[in-house]
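Note sheet for the following structure.
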Amino acid sequence: AASGYTPASRRDTRYDCVATEERKCSALRKKYPNLRVMNQTAQLRAMLTIIRDRETRKEEFVFYADRIIRLLIEEALNELPFTIKTVTTPTDLVYEGVGFSERICGVSVVRAGESMEKGLTAVCRGIRIGKILIQRDEETTEAVLFYCKLPRDINERFVLLLDPMLASGGSICKAISVLVDHGVALEKIIFVNLVAAPEGLQQVFSIYPKIKIVCAAIDEGLNEMKFIVPGIGDFGDRYFGTN
Ligand code: URA
C-alpha cells in the first residue's frame with residue numbers, strides 16, 4: 001500500500017495463524033450444525049491472546065474478557081427469531097426493517113457465568129437473569145444441582161445460558177436439564193460460551209443436539225485436571241481475582 005500500511009486481514013503470511021484457526025472452526029461448524037463460532041479475526045485473536053497470557057493482571061483480564069463477552073452476546077442475539085417491522089423515518093419515508101419477536105432472559109451458571117451478566121445487561125436493557133449453581137460430587141464425580149432461581153415465566157422465553165468455559169460438559173448438561181425441567185424448549189436455549197473444548201462440544205451435542213452453542217474459540221482439549229488446554233486457566237479465579 002502507498003502508506004506502507006496493510007490491514008491485518010490482507011496480510012496472509014504473517015497472519016497464517018488466523019487462517020488456520022478459521023479452517024479448524026469451519027470443520028467443526030460442519031460437524032455440528034448448531035455450533036456458531038465467532039469469526040476468527042486478528043482483533044478477536046489479539047484479545048484472546050491477552051486473556052490467555054498468564055502474566056496478564058486482573059484489571060486487564062477483566063477489561064478484555066468483557067470486550068470479548070460483549071461481542072459474543074451480540075453474536076448470540078443473531079440466533080433469535082426476527083419479524084418484519086416497518087417504521088417511518090424522520091424524512092417521512094417508510095423503512096422495512098426487522099424487530100425481535102420473542103422475549104428472552106439470561107441464566108448464569110455460578111460462579112464464572114456471573115462474569116457475563118454485565119455484558120448481557122449492557123446489551124439487553126432490563127433483562128431478567130436467573131442463576132444455577134452446580135457442583136461436582138467428589139465421590140461420584142456427578143454434577144449436582146445446589147441452587148436454582150429462574151424467572152417464573154422462563155418456559156415462554158428464549159434463554160441465553162451463560163458459562164465462559166466448556167470443559168467436559170458435565171455441569172452445562174446438568175444446567176440444560178434444569179432448564180428443560182422448568183419447561184424450556186431445547187430449541188430456545190442458546191449457550192453463550194467463551195472457550196470450548198472439543199470433548200465438551202461432543203458431550204453437549206450428543207445429548208442435546210437441538211440447542212445452539214455460540215463460542216469465541218475452540219481449544220485443543222483437556223488436561224488430566226480437566227482444564228481446557230491451552231485455555232485460560234480458572235476463569236472465575238482470574239476474573240474475580242481469587243487466584
Ligand atoms: N473451568 C475453568 O475455569 N477453566 C477450565 O479450563 C475449565 C473449566
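Just the heavy atoms: all of them, side chains too, but no hydrogens, waters or symmetry mates, feed the values below. Atoms within each ligand, like the ligands themselves, are counted from 1 in listed order. Throughout, numbering of the chain's residues begins at 1 and tracks the sequence.
Asp234 and Phe227 make their closest contact through N-CE2, 3.6 Å (heavy atoms, listed as atom of the first residue, atom of the second, distance).
Side-chain atoms of Arg136 never come within 3.5 Å of backbone atoms of Val144 as a donor-acceptor pair (strictly under, hydrogens ignored). Between the Asn34 side chain and the Pro209 main chain, a donor and an acceptor come within less than 3.5 Å of each other.
Under a 4.0 Å heavy-atom criterion, Gly233 is in contact with ligand 1.
Remark: the Tyr32 side chain and the Gln202 side chain contain an N/O donor-acceptor pair separated by less than 3.5 Å.
On a distance-only criterion, Ile228 and ligand 1 share at least one N/O pair closer than 3.5 Å.
Ranking the protein heavy atoms by distance from atom 3 (O) of ligand 1 puts Phe235 N, 2.8 Å first. Considering only non-hydrogen protein atoms, atom 1 (N) of ligand 1 sits nearest to Met165 CB, 3.7 Å.
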